[in-house]
Amino acid sequence: MSQETNRETSRGTNRETGRETSQETGRGTSQETGRAPEELAERYLSRALSTWGLDVEYVRAEGDTMYLAGDEGALTPVTDFVGGFGSLFFGHNPPELVALAKDLLDAGTPSHAQLSQRTEAQRVAAALDVITWRELDAGEPYEVVFANSGAEAVEAAMKHAELARVFRLGALAAELAAHAEQARAQVLAGTAVLSSAAAELAGPDGDIDALLAEAQRQNAAAMARPPEFFALEGGFHGKLVGSLQLTHSPTFRPPFQGLGAHARFVPADRPEEALKYVETEQPFALDVVAEDGVVDVRRRPVPFVAGFVVEPIQGEGGIRVLGAAQAERITEVCRTLECPLVVDEIQTGAGRTGAFFASTHIGLTGDYYTLAKSIGGGLAKTSLLLVRQSSYVKEFELLHSSTYAKDSFSCAVTEKVLEMLERDGGAAYRQAAERGERLLGALREIHAEYGDVVREVRGRGLLVGFEFADQSHAGSPVIRNYARTGFLGFAVSGFLLRRHGLRLMPTGSASHTLRIQPSYAIGDDAVDRLAAGLREVCDLLRQQDALPLVHALTGVATPPPRDRAREVAPATPAGDAVGPPPAGGVAYVAELGTPDALRRFDPALADLDDTTLRAFVARSAAVRAMAPCPPVRYRTATGAEAALTVFPVLVAESGDTSGALAADIGGQVAAARAAGHTTVVVSPELHRLAGTDVPATTVPAPAGFALPPGFGAGGLLPAELAEALR
């Protein structure tokens with residue numbers, strides 16, 4: 001499947017949708033300002049999607065099918081395996097829920113009736129109560145708090161857990177105060193004396209008031225210790241200020257670590273590391289106690305761990321399934337720490353794994369549960385926090401609220417979702433389990449055939465991960481670059497969309513793993529087409545043939561020059577590669593944008609014409625800075641050893657006047673310096689295109705340095721560089 005997807009930015013026809021542009025769509029010329037409006041709604045993300053051929057607009061959806069608008073009103077179907085990132089257990093626009101939504105809107109159902117009786121919310125809680133008693137080994141009901149999104153439900157859980165900890169601190173403080181007053185009264189009455197340890201703590205004055213003052217000072221410091229949460233390495237719990245702190249991703253969390261709560265991450269197979277941390281960090285309060293006529297001081301642990309948050313299956317972390325043994329050990333850690341176990345079922349709950357809770361499969365019973373995504377049936381933006389009744393703090397209801405939470409429309413849709421899941425003795429769960437086995441079986445067959453390029457297939461039910469083997473040392477420079485920059489999964493997704501009409505995406509924190517989350521009604525034909533598409537991808541990776549991947553991302557509506565993958569000898573820099581480069585080699589920041597340079601860079605692209613290759617470069621403007629090529633070590637004419645590493649920048653021949661190109665070049669220069677290169681050279685052509693702000697040479701070239709054969713005229717690098725460094 002191939003089609004043109006570039007967008008017009010002036011009045012005319014949008015080639016992607018076939019619709020006329022207008023002020024209402026953000027295209028054309030505004031009559032108010034007299035200028036063509038820019039795309040201001042996350043335009044940088046849109047450009048990145050263009051890089052992978054994912055910048056398409058879907059105009060209709062039903063079940064597991066989405067539709068792209070084509071010429072003259074034609075619709076092109078795409079089979080959706082993303083499933084709203086797990087939100088579409090019943091597929092797009094399930095008829096039963098759509099009919100209910102229409103009825104609710106026609107009836108004038110109020111969305112805003114805060115601080116009133118909400119019958120629909122009570123019915124949702126009652127339906128959930130039936131499910132929790134059946135599936136969870138809790139022995140008590142769960143209170144329900146309503147929210148709008150998964151991240152908000154997690155933040156509500158964090159707030160409730162902290163409020164519960166604050167109440168525990170208050171109870172401890174009250175107990176310490178009562179003991180202190182009793183001790184003081186007995187000492188003043190002459191019925192008790194200070195122990196030697198208490199007297200030492202009291203200091204030179206040695207009286208009860210000095211003792212109590214010192215204890216109060218130390219207790220205030222201990223109780224002021226900020227709360228901390230534990231979470232698993234690889235976990236994902238949202239991107240809001242609080243929930244982001246529980247998200248382990250090295251991409252999403254670091255810029256915002258100064259905000260929100262503190263979290264510590266432990267491996268899923270070594271949760272006991274949490275106990276080791278607490279043992280070394282545990283703050284203590286001093287309890288001044290009078291007993292048998294003696295006033296003594298005892299140490300009391302101060303609760304500073306607010307909760308332990310886990311996913312039964314890590315979705316964004318690469319579809320990693322928690323085992324029963326791991327679940328048991330995490331539960332024991334929470335018992336030891338006396339902190340609530342928060343089970344994040346936002347992506348796994350509401351039937352996706354063949355049970356209402358994925359944690360049911362591994363015997364994991366939480367004190368809190370968070371639910372979202374499929375609980376709204378793909379129509380209602382709603383989420384839930386469930387709290388074990390014995391752990392629930394009723395005051396939370398007066399301290400936490402959300403304008404749209406618990407609205408009648410969303411609650412009525414959620415109630416219908418629960419009814420659809422539970423009807424016929426849970427037939428939907430059984431169907432999800434059966435469809436999941438069919439899907440996993442097909443993907444495991446591919447793994448068996450292509451074990452060299454498929455690392456693992458894992459998951460449960462309709463939450464499946466398809467992980468490619470590491471391609472960071474691939475023979476194909478294009479494929480190697482995709483892997484090293486973390487975009488292999490997106491490139492593959494663009495290929496599957498354009499070539500096979502399949503919609504997939506990589507997981508957020510493991511971009512080499514494709515997430516597969518269709519509805520419970522996914523058909524055999526769709527599974528077979530998915531398998532066929534993935535087999536072709538595996539062929540391309542096995543043969544190191546980047547041509548179909550690049551062609552699929554160009555937006556050119558012509559078929560690729562060949563249909564089958566063929567083995568392509570990878571491009572290797574000329575010269576004698578005699579092992580790892582010596583320290584302090586030369587880095588060359590080179591432009592990679594002309595068709596000839598691209599063909600030299602990766603011979604698999606030799607069959608693509610100039611127009612197609614230029615289209616590929618134009619669409620890749622959002623990610624110009626590419627991973628460095630493997631270093632080459634060789635001997636100069638004088639016999640000295642030299643090393644050269646190319647840092648490519650994908651750039652159109654016309655250049656870039658926005659300043660972004662200079663920033664990309666600067667980033668490559670910084671990367672080369674960080675890698676330890678003593679000489680960093682920017683190509684004369686990049687220097688010309690980006691302007692004089694970019695230095696041609698940042699460090700003098702080593703004496704006697706010369707480029708190896710093939711790096712001068714007619715090679716990847718221009719002859720000017722060879723002359724400049726001789």
Within the 3.5 Å criterion, strictly below it, is a donor on [X] or [Y] matched to an acceptor on the partner's side chain?
X	Y	answer
His500	Glu536	yes
Ser509	His248	no
Glu345	Thr348	yes
His512	Glu467	yes
Asp137	Thr365	no
Gln544	Gln471	yes
Asn148	Ser402	yes
Arg529	Thr79	yes
His92	Asp80	yes
Glu135	Thr360	yes
Glu143	Gln389	yes
Arg515	Gln347	yes

Gap between atom [atom2] of [Y] and atom [atom1] of [X] - 0.5 Å precision:
X	Y	atom1	atom2	value
Asp452	Leu541	CG	CG	9.0 Å
Met66	Thr76	CE	OG1	13.5 Å
Ser359	Leu322	OG	CG	10.0 Å

Whether [X] side chain and [Y] backbone form a donor-acceptor pair below 3.5 Å:
X	Y	value
Asp344	His237	no
Glu316	Gly235	no
Glu437	Ala433	no
Lys373	Gly150	no
Thr370	Leu385	no
Ser383	Ser149	yes
Ser374	Gly377	no
Arg458	Ile319	yes
Asp64	Pro518	no
Arg253	Thr247	yes

Using 30° and 60° as the class boundaries, would you call the ring planes of Phe357 and Tyr369 parallel, tilted or perpendicular?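 Tilted.
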Between Tyr392 and His160, what is the ring plane arrangement, given parallel below 30°, perpendicular above 60°, and tilted in between?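 Answer is parallel, since the angle falls under 30°.
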When the ring centroid of [X] is compared with that of [Y], is the distance short of 6.0 Å?
X	Y	answer
Tyr142	Trp133	no
Phe229	Phe308	no
Tyr520	Phe89	yes

Pick one: which of Leu530, Leu497, Val492 meets side chain to side chain contact (heavy atoms under 4.5 Å, CB included) with Leu504?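 Among the candidates, only Leu530 passes.
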Side chain to side chain contact (heavy atoms under 4.5 Å, CB included) with Thr414: which of Thr382, Leu379, Leu371?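 Result for side chain to side chain contact (heavy atoms under 4.5 Å, CB included) with Thr414: Thr382.
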Check [Y] with [X], please: is the shortest side-chain N to carboxylate O separation under 4.0 Å?
X	Y	result
Asp524	Arg435	yes
Glu273	Arg270	yes
Lys159	Glu155	no
Arg134	Glu422	yes
Arg329	Glu332	no

For the CZ atom on Phe252, are there more than 12 heavy atoms of other groups (residues, nucleotides or ligands in this structure) within a distance under 6.0 Å?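 Check passes, neighbour count above 12.
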Are more than 12 heavy atoms from other residues, nucleotides or ligands located less than 6.0 Å from atom CD of Glu434?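 For Glu434, atom CD is crowded (more than 12 foreign heavy atoms under 6.0 Å).
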Does NZ or CZ of Arg60 lie under 6.0 Å from the centre of the six-membered ring of Tyr67, at an angle within 45° of the ring axis?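 Yes, cation above the ring, under 6.0 Å and within 45°.
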Stepwise, does the side-chain contact (heavy atoms from CB on, under 4.5 Å) test hold for Gln326 with Asp269? CA-CA 6 Å; Gln326 294 168 319; Asp269 57 351; 3.8 Å; yes
Derivation of the side-chain contact (heavy atoms from CB on, under 4.5 Å) call for His361 and Thr353: CA-CA 9 Å; His361 300 293; Thr353 64; 3.1 Å; yes
Go through the steps to decide whether Leu100 and Glu415 satisfy the test side-chain contact (heavy atoms from CB on, under 4.5 Å), and finish with yes or no. CA-CA 11 Å; Leu100 172 64; Glu415 182 187 7; over 6 Å; no
For the side-chain hydrogen bond (donor to acceptor under 3.5 Å, both in side chains) test, which of Thr51, Asp55, Thr554 pairs with Arg619?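 Among Thr51, Asp55, Thr554, the one meeting side-chain hydrogen bond (donor to acceptor under 3.5 Å, both in side chains) with Arg619 is Asp55.
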Check the pair Arg535, Asp539 against salt bridge (Lys or Arg N to Asp or Glu O under 4.0 Å), reporting the backbone distance first and the verdict last. CA-CA 6 Å; Arg535 278 190 171 87; Asp539 276 337; over 6 Å; no
